[in-house]
Chemist: 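Please read through the structure below; I'll follow up with questions.
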2 protein chains.
Amino acid sequence: MRVSVKRGRPPGMMDVARLAGVSHQTVSRVLNEHKNVSEQTRLKVRAAIAELGYRPNRTARALVTGTSKVIGVVAPNTALYGPSSMLTAFEQAAQESGFAVNVGSVRSLNERSIADAVERHLDQRVAGLVVIAPVASAGPALARLPEDVPLVTIDGDPERASTLVTVDQVAGARAATEHLLEAGHSTVWHISGPADWFDAAGRVRGWEEALKAAGAEQPPLLTGDWSAESGYRNGKLLARLPEVTAVFTANDHIALGLLRALSEHGRRVPEEISIVGFDDVPQAAYYTPPLTTVRPDFDAVATAGVELLLAQIESGTPDLSARRTIAPTLIPRDSVAPPPAR
Amino acid sequence: MRVSVKRGRPPGMMDVARLAGVSHQTVSRVLNEHKNVSEQTRLKVRAAIAELGYRPNRTARALVTGTSKVIGVVAPNTALYGPSSMLTAFEQAAQESGFAVNVGSVRSLNERSIADAVERHLDQRVAGLVVIAPVASAGPALARLPEDVPLVTIDGDPERASTLVTVDQVAGARAATEHLLEAGHSTVWHISGPADWFDAAGRVRGWEEALKAAGAEQPPLLTGDWSAESGYRNGKLLARLPEVTAVFTANDHIALGLLRALSEHGRRVPEEISIVGFDDVPQAAYYTPPLTTVRPDFDAVATAGVELLLAQIESGTPDLSARRTIAPTLIPRDSVAPPPAR
DNA sequence: TTTCTTTGTGGGAACGCTCCCGCAGCGATC
DNA sequence: GATCGCTGCGGGAGCGTTCCCACAAAGAAA
């Protein structure tokens, strides 16, 4: 049952001013913590604000200042673990800095829809933009926006000049692959994410680098799409290849599908085949067997992203060269063991 | 490389008016698709808009109309499958109706933080509010907001008078339990979600009802918290009880933890124990064995929610009795079988 | 003393829209 | 032929802030 609150127009600055016996301007000064307000009047104004339950109209402020305490986040509209974790982490980080978050998600990651989402945000006069669009097609969409809008890209194109926060995919993948190699496997197979994602590309590169550094032979690359289904599909193939003893998957869900395909074919993990995933979804510790994986720190990404964005907003100058790389950590569990003796 | 776009103040309505040779008022009329504008001038104005690349300033509009084309969503700040799926579904549905979405997530679901999130949204002059806060403590927080702000509650308190969209948890749980009973099990155990969630309570109720209707004995209730860990913890207990042959878990992640506990104790699914989950997370089909589960249609929830909200926004009158219930569907897979012959 | 700065305050304009009202032109009605 | 209503359009006020400038009082420097 909602209590009845009459609100024939909520109180405005003028009402506060009148009650406090000062001018609207003085109220504004108190609100914005300006100097040159005597302690006495400050108190009077504060009291009036409290009495009326006054809350400043952010819309009006936005109109006159041309900007608002809102940051826009562009993200792919999926339940994908990475992006959705990022989104909540961003919301949290922004909130702690007094900013609200406007989401403008895009269903498909093509240039057009990303550009649309950006435009929508600009119409709302957001103070800055965070773009989580880890695909190449985001580049052109971002290229055409005005120079002076603060922008931070997450896991974006390393080649593009722009403020960038990335999880170090390459290092993470390298660590995963090395972990497998060190367990004694002669080589490591890889089921990748979708080819157009930078994340997926980085993981492929880390895998290749680790293999090359160890002088291991590089097996053909299998391509997935982040889904368990793609892990299953590729897994059915791998299960029939007796020489595969170690697989690094681009994420945990692919690993899950792989796990199931292997189990169906009676191949045991980790006794016959070792697996390392990526993401450390909360469930990974309860897969059968518990999955060794690589954990990116999404909170750190979000914190760094907001920090960089706020710096731009305050300075007014987008710093195109500011970068931040977050190193992921390997979480060893039970899905890795030495290869079977032949 | 961002292209340099000068923007010494973006074009305003006046600029368009001047270029088209009409008054600002006429431009406004064209924009808002008012009648009483001749086709001829409409075209002229449209041309001027296109030439200048004019985009209306939503902030100014919001100031004068007192509302904006933004809906606020209050959701728990978690990566939980349900809430985060809802969030993206809402964003999608809102976008299709021309609304942007402001998220104001809350870290903990207590009255205070929910009230804060609501206040933040109100400051932004959102047109309406969607609250995904499926716990009892949300009630009081919502009770104190002004009568005239459009509000839709998702999976909220059925007792409270307010516009409500809910997944029919009771029916879903009943279907899950009946499915197990029909397979021949004499009774069904249940690992619930956190006690303060309405979702969890509804699922418990459905389970109880189905048991009672079938005249089956009701085993003690085990309590989880949506996490795989809680499924594992309770699973270790269940695994040692030879009489349990069927378990309905409050969500798929709990089922995953249970699956693992059972596997560690050498108890086979579904040969010895059958399991039904809830949510149908995309990975459920790739658990070992593939999980029989109940799928709530989050898109339908979001669509209904936005529809109800927009109706309120347009009418200006919150319809406290409007309700919508979305029936979930049972997805049979391989985790259910008849009980072992004794 | 006179002048200059500093501190606290108030009065308006402006931000970019929408809303209210007025008004000319024109066909329909009495 | 006068009155009415309808269509198409423009002028101005106002939304609730912040920003720019003015100005009085009080102290510091000349």
Side-chain angles (χ1 to χ4, degrees), chain A residues 7-46 48-49 52-70 100 122-127 313 316, chain B residues 7-46 48-49 52-70 98 122-127 313 316:
Chain A
R7 44 176 221 160
R9 171 143 62 92
M13 201 174 250
M14 288 301 200
D15 301 305
V16 175
R18 195 157 26 233
L19 181 62
V22 298
S23 77
H24 66 119
Q25 169 61 337
T26 301
V27 176
S28 172
R29 272 189 279 249
V30 170
L31 249 36
N32 299 322
E33 273 156 353
H34 248 283
K35 48 213 140 289
N36 293 4
V37 178
S38 77
E39 194 55 27
Q40 206 178 11
T41 52
R42 187 192 315 279
L43 255 41
K44 269 193 306 186
V45 171
R46 285 262 154 75
I49 287 175
L52 293 177
Y54 165 78
R55 315 213 82 207
N57 184 331
R58 297 186 176 261
T59 313
R61 188 201 301 249
L63 176 59
V64 57
T65 61
T67 182
S68 59
K69 282 234 166 204
V70 174
L122 259 27
D123 284 354
Q124 312 268 356
R125 297 298 189 271
V126 296
I313 291 172
Chain B
R7 46 175 221 162
R9 174 144 58 93
M13 200 174 249
M14 288 302 200
D15 301 306
V16 175
R18 196 156 26 231
L19 182 61
V22 298
S23 78
H24 66 119
Q25 170 62 333
T26 300
V27 176
S28 173
R29 273 189 278 250
V30 171
L31 248 36
N32 298 323
E33 273 154 355
H34 249 283
K35 48 212 139 289
N36 295 0
V37 177
S38 77
E39 194 54 27
Q40 205 177 14
T41 52
R42 188 192 315 278
L43 256 40
K44 270 194 306 187
V45 171
R46 285 261 155 76
I49 287 175
L52 292 176
Y54 165 78
R55 317 214 79 206
N57 184 330
R58 299 190 173 256
T59 313
R61 187 202 303 248
L63 176 58
V64 57
T65 59
T67 182
S68 59
K69 281 240 168 199
V70 175
L122 260 26
D123 284 354
Q124 311 270 353
R125 297 297 190 273
V126 295
I313 292 172

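Just so we're clear, the structure is a prediction, and the values are computed from it rather than from any experiment. So that the names make sense, note that chain A is the first sequence line, chain B the second, and so on, each numbered from 1.
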Chemist: Rounded to whole angstrom units, what separation is found between the CD atom of Q40(A) and the C1' atom of dT7(C)?
Modeler: 14 Å
Chemist: T65(B) side chain N/O closer than 4.0 Å to the phosphate oxygens (OP1, OP2) of dC15(D)?
Modeler: no
Chemist: What is the distance from atom CZ of R29(A) to atom OG1 of T41(A), rounded to the nearest 0.5 Å?
Modeler: 9.0 Å
Chemist: Kindly state which residues belonging to residues 52-61 of chain A come within less than 4.0 angstrom of DNA chain C, counting heavy atoms of the residue only, listed by number.
Modeler: none
Chemist: Going by heavy atoms closer than 4.0 Å, what residues in residues 23-36 of chain B are next to DNA chain C?
Modeler: H24(B), Q25(B), S28(B), N32(B)
Chemist: How long is the line joining CD of Q124(B) and C1' of dG16(D), in whole Å?
Modeler: 15 Å
Chemist: With rounding to the nearest 0.5 Å, note down the distance linking OG1 in T26(B) to NZ in K44(B).
Modeler: 9.0 Å
Chemist: Please assess R42(B) against V45(B) for the test side chain to side chain contact (heavy atoms under 4.5 Å, CB included), listing each intermediate value before the final yes or no.
Modeler: CA-CA 5 Å; R42(B) 188 192 315 278; V45(B) 171; 5.9 Å; no
Chemist: Side-chain N or O of S38(A) versus OP1/OP2 of dT9(C): is the shortest distance under 4.0 Å?
Modeler: yes
Chemist: Please find the pair of heavy atoms, one from I49(B) and one from L31(B), that lie closest to each other, and give the distance.
Modeler: CD1-CD1, 3.4 Å
Chemist: Out of curiosity, E39(A) CD to R46(A) CZ, how far, rounded to the nearest 0.5 Å?
Modeler: 8.5 Å
Chemist: Measuring from R55(A):CZ to R125(B):CZ, what's the distance to the nearest 0.5 Å?
Modeler: 9.5 Å
Chemist: Drop me the distance from M13(B)'s CE to L52(B)'s CG, to the nearest 0.5 angstrom.
Modeler: 12.5 Å
Chemist: Rounded to the nearest angstrom, tell me the gap between atom CE in M14(B) and atom P in dA14(C).
Modeler: 12 Å
Chemist: Distance from M14(B) atom CE to L19(B) atom CG, nearest 0.5 Å?
Modeler: 14.5 Å
Chemist: For G21(B) and for V64(B), find the nucleotide of DNA chain D with the closest heavy atom, then tell me which residue's nucleotide is more 5'.
Modeler: G21(B)
Chemist: R125(B) CZ to dG16(D) P: how many Å, rounded?
Modeler: 8 Å
Chemist: Answer whether the closest heavy-atom distance between the side chains of R58(A) and V70(A) falls below 4.5 Å.
Modeler: no
Chemist: Between C1' on dC9(D) and CD on E39(B), what's the gap in Å once rounded to a whole number?
Modeler: 16 Å
Chemist: In whole angstrom, what separates M13(B)'s CE from dG10(D)'s C1'?
Modeler: 14 Å
Chemist: Atom CG of L63(A) to atom P of dG14(D): distance rounded to whole Å?
Modeler: 17 Å
